[in-house]
Amino acid sequence: MTHDVPDSPNDDDALLVRARTDREAFGELCDRCYPPIFRYCRRRLFRWDDAEEVTAEVFLNVARSMHGFCGGGHRDFMRWVYAIAANQVNAHLRKSERRDRLLLAAAQNGAVNSSPEAKNVGSFAALEWPSVYQSLLRLSLRDQSIVVLRYFESMPHRQIAEILRMRPGAVRTAEMRAIEKLRRDLGVIT
């Protein structure tokens, strides 16, 4: 009788090493990374089809740039892929008038599925999520990235700093300012 053993970090690191030269290993690595990257794109873009399109672009960029990845292990690889995803999402939002369409879609669709961590963000728990998403879209692209990575992906400041190429202190400051902007926009008194 065999038991499936969950993958360990060492398995992920070994897969990463193989993925640099083996197409099947690269495909398996992408399959493992796809769900969190798609979730991140979905939470930034709201629309399923836009998230799928951008996530596909992310993994095309990963495939094109894999030879240039110089990180050590799977954690470094995930930070690198998240950085590519953040850049792709921001470029997607900038290159068209999708911001208005996204705002309308978020309002029409009601609450977008969010993680349990996001629902426990202070006094935001009692708010209507369409309003929160509308306010989020009014933040700068960098601030949107910080808020989504911090509260929806539950990443520490250090990891967000690495993804966005900022200092951790700058991430904390930008996060505090972004949250304050959201609170003012939503009429939340602290």
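As the structure is a prediction and not an experimental result, all values here were calculated from the model. Values below: all heavy atoms of this structure, side chains included; hydrogens, waters and symmetry mates excluded.
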Check against side chain to side chain contact (heavy atoms under 4.5 Å, CB included), L139 and D185: CA-CA 10 Å; L139 295 175; D185 194 41; over 6 Å; no

Working for side chain to side chain contact (heavy atoms under 4.5 Å, CB included), residues D143 and R177: CA-CA 9 Å; D143 289 350; R177 289 179 180 156; 5.7 Å; no

Residue pair V62, W80: steps toward the side chain to side chain contact (heavy atoms under 4.5 Å, CB included) verdict: CA-CA 9 Å; V62 168; W80 182 64; 3.9 Å; yes

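Between E24 and R18 there is no salt bridge, since no side-chain nitrogen of the basic residue lies less than 4.0 Å from a carboxylate oxygen of the acidic one.
Within the 4.5 Å cutoff, the side chain of L93 has heavy atoms near those of the R44 side chain. In this structure the side chain of I37 never reaches within 4.5 angstrom of the side chain of I84, judged on heavy atoms. Between F59 and T55 the shortest side-chain heavy-atom distance falls below 4.5 Å. For the pair F77 and L29, the minimum side-chain heavy-atom distance is below 4.5 Å. Taking the side chain as every heavy atom from C-beta outward, L15 and R32 approach each other to under 4.5 Å.
Among all heavy-atom pairs drawn from A178 and V147, the shortest one is CB-CG2, 3.9 Å. Of all the heavy atoms in A174 and I146, the pair that sits closest is CB-CD1, 3.6 Å. Considering every non-hydrogen atom in both L186 and S135, the closest pair reads CD2-OG, 3.2 Å. Contact detail for A63 and F26: the closest heavy-atom pair is CA-CZ, 3.6 Å.
Hydrophobic clustering of Ile, Leu, Val, Met, Phe, Trp and Tyr side chains at less than 4.5 Å, counting indirect connections, unites F69 with V58.
For E175, the side chain to side chain donor-acceptor pair (under 3.5 Å) partners two or more places apart in sequence, or in a different chain, are Y151, H157. The ring-ring contact (aromatic ring centres under 6.0 Å, His included) test applied to F38 returns Y34, W48, not counting sequence neighbours. Residues forming a side chain to side chain contact (heavy atoms under 4.5 Å, CB included) with A170 (at least two apart in sequence, or on another chain): M166, R167. For N87, there are no side chain to side chain donor-acceptor pair (under 3.5 Å) partners two or more places apart in sequence or in a different chain. When the side chain to side chain contact (heavy atoms under 4.5 Å, CB included) test is applied to R75, the partners found at least two apart in sequence or on another chain are R79. Under the rule for a salt bridge (Lys or Arg N to Asp or Glu O under 4.0 Å), the partners of R184 that lie at least two apart in sequence or sit in another chain are E180. With sequence neighbours excluded, no residue forms a salt bridge (Lys or Arg N to Asp or Glu O under 4.0 Å) with D22.
Taking NE2 of H74 as the reference point, atom SG of C33 lies at 4.5 Å (rounded to 0.5 Å). Once rounded to the nearest 0.5 Å, the distance linking CG of L16 with CG of D11 reads 12.5 Å. Between R43 atom CZ and C41 atom SG the span is 11.5 Å, to the nearest 0.5 Å. Residue H92 holds its NE2 atom at 4.0 Å from CG of D50, rounded to the nearest 0.5 Å. A distance of 9.0 Å separates CD in E28 from CG in D12, rounded to the nearest 0.5 Å. Here the straight-line distance linking atom CD1 of I163 with atom OG of S145 works out to 9.5 Å at 0.5 Å rounding.
Between the side chains of Y82 and E153, a donor-acceptor pair is found at a separation under 3.5 Å.
Each salt bridge (Lys or Arg N to Asp or Glu O under 4.0 Å) pair with one or both residues in residues 57-71, not counting sequence neighbours, would appear here, but there are none.
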